[in-house]
Amino acid sequence: MRIVVLGANGGTGRRLVQQALDAGHDVRAVTRQPHSFPVKGPGLEVVAADVTVDAPVNGADVVLSTLGTPFTRQPVTLYSRSTATVLAAMRREGVRRLVVVSSSATEPHQHAEGGFLLNRVIQPLVTATIGKSTYDDMRGMETLVRDSSLDWTIVRPSGLFDSDTVTRYRLREDRSDGIFTSRADLAACLLAQATDAAWVGRTVAVTTAEGTPTLLAMLRQEAFGK
């Protein structure tokens, strides 16, 4: 299978490309910085592109988007602009299958596993301040994807953390009580969608239950990088 990975140079994108290559797929890794892309191997094509302008999806069997951008108080348009470009390119090239990464925070809700700190303090604060423009644009992306005529799936992870081991991650429609998702599990979930039609036309929340950090450890990592 020929898989196009958008945002391939991010933390999830790199893991997704490696997992896809390990599974024997041909992979086109699309990134704005091809010279710093660390993954190598047979079956890999690294392509330089700004997906808000052009999406090189020709010849693909499936397009997997891991595009993302850091939080900012400035207006964010990456998700909606890139999605509009990708949808147009896929229609033009006759590519049907699209899987995009969004976030559980696009539909804020009480997480049974989150407790007071997450549900009453962190989530309301982040979604109303530094994450507001990001999540607004993600919701715009989700609307564009749902309104398309493609075979789409929207994947919503929770708080992302680094792990190189794929676990028995959990899938729930639309939303989940889980508060963590490892990038390895997110990549594995995305790759599974390439060959599984069970979630076509649906939104799926993916969370990790094994080997997760504490909420305070994640906050410390996000704030101080350690």
Side-chain angles (χ1 to χ4, degrees), residues 5-16 30-33 36-37 48-55 64-87 99-111 113-147 154-162 174-183 186-187 190 203 205-208 212-226:
V5 177
L6 308 178
N9 217 358
T12 302
R14 293 178 181 183
R15 288 172 171 79
L16 174 56
V30 181
T31 171
R32 290 184 296 177
Q33 299 177 320
S36 66
F37 190 66
D50 179 347
V51 183
T52 63
V53 177
D54 178 48
L64 307 177
S65 175
T66 63
L67 290 166
T69 188
F71 285 146
T72 175
R73 291 181 182 273
Q74 302 301 314
V76 173
T77 60
L78 170 71
Y79 300 97
S80 55
R81 288 178 60 201
S82 62
T83 298
T85 301
V86 171
L87 292 174
V99 185
V100 301
V101 174
S102 183
S103 170
S104 63
T106 58
E107 191 177 347
H109 60 281
Q110 298 292 300
H111 296 261
E113 299 176 12
F116 177 86
L117 182 60
L118 177 72
N119 290 324
R120 300 296 185 182
V121 180
I122 297 173
Q123 181 173 258
L125 179 64
V126 171
T127 56
T129 57
I130 60 171
K132 184 178 186 305
S133 58
T134 295
Y135 298 133
D136 284 346
D137 196 40
M138 281 184 169
R139 282 187 282 269
M141 172 189 70
E142 289 191 359
T143 297
L144 288 171
V145 170
R146 289 194 187 95
D147 289 346
I154 295 168
V155 177
R156 289 176 173 172
S158 291
L160 291 171
F161 70 97
D162 288 330
D174 294 328
R175 57 171 64 182
S176 172
D177 286 332
I179 63 173
F180 296 111
T181 308
S182 79
R183 289 182 173 88
L186 175 56
L190 292 167
T203 298
V206 53
T207 55
T208 298
T212 59
T214 65
L215 188 56
L216 289 178
M218 176 170 280
L219 291 175
R220 186 161 52 246
Q221 172 67 34
E222 292 297 317
F224 304 110
K226 60 183 179 180

[X] side chain near [Y] side chain, heavy-atom distance below 4.5 Å:
X	Y	answer
Val76	Asp136	no
Val206	Arg156	no
Val101	Leu190	yes
Ser36	Asn9	yes
Val155	Val100	no
Arg175	Ser104	no

Do Glu142 and Thr203 have side-chain N/O donor and acceptor atoms under 3.5 Å apart?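 The answer is no; no qualifying pair exists.
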Residues Asp137 and Thr77: side-chain donor-acceptor under 3.5 angstrom: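 The criterion, which ignores hydrogens and geometry beyond distance, is not satisfied for Thr77 and Asp137.
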[atom1]/[X] to [atom2]/[Y] distance, rounded to the nearest 0.5 angstrom?
X	Y	atom1	atom2	answer
Ile179	Thr207	CD1	OG1	10.0 Å
Phe37	Thr31	CZ	OG1	7.5 Å
Ser103	Met138	OG	CE	5.0 Å

Begin with the C-alpha distance, continue with both residues' side-chain angles, and end with the deciding distance and a verdict on side-chain contact (heavy atoms from CB on, under 4.5 Å) for Val53 and Thr85. CA-CA 7 Å; Val53 177; Thr85 301; 6.0 Å; no
Which heavy atom of Ser102 sits nearest a heavy atom of Met141, and at what distance?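 It is CB-CE, 3.8 Å.
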Provide the closest heavy-atom pair for Val30 versus Ala49 in the form atom of the first, atom of the second, distance.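 Closest heavy-atom pair between Val30 and Ala49: CG1-CB, 3.8 Å.
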Contacts of type side chain to side chain contact (heavy atoms under 4.5 Å, CB included), residue Thr212, not counting sequence neighbours: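 Scan of Thr212 (side chain to side chain contact (heavy atoms under 4.5 Å, CB included), adjacent residues dropped) gives Phe161, Phe180, Thr208.
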Is the number of heavy atoms from other residues, nucleotides or ligands under 6.0 Å of Arg146 CZ greater than 12?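 More than 12 within 6.0 Å, yes.
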Taking only Lys NZ, Arg NE, NH1 and NH2, and the carboxylate oxygens of Asp or Glu, determine whether Glu107 and Arg139 approach each other closer than 4.0 Å.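 Here Glu107 does not pair with Arg139 in a salt bridge, since their nearest N and O are not under 4.0 Å apart.
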Taking only distance into account, with no hydrogens and no angle test, what donor-acceptor pairs under 3.5 Å do side-chain atoms of residues 65-75 form with protein atoms, sequence neighbours excluded?
| residue | atom | partner | partner atom | Å |
| --- | --- | --- | --- | --- |
| Thr66 | OG1 | Leu6 | O | 2.9 |
| Thr66 | OG1 | Gly7 | O | 2.9 |
| Thr72 | OG1 | Gln74 | N | 3.0 |

Once salt bridge (Lys or Arg N to Asp or Glu O under 4.0 Å) is applied, what residue pairs with a partner in residues 5-16 remain, sequence neighbours excluded?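 Qualifying pairs, neighbours excluded: Arg15-Asp162, Arg15-Asp164.
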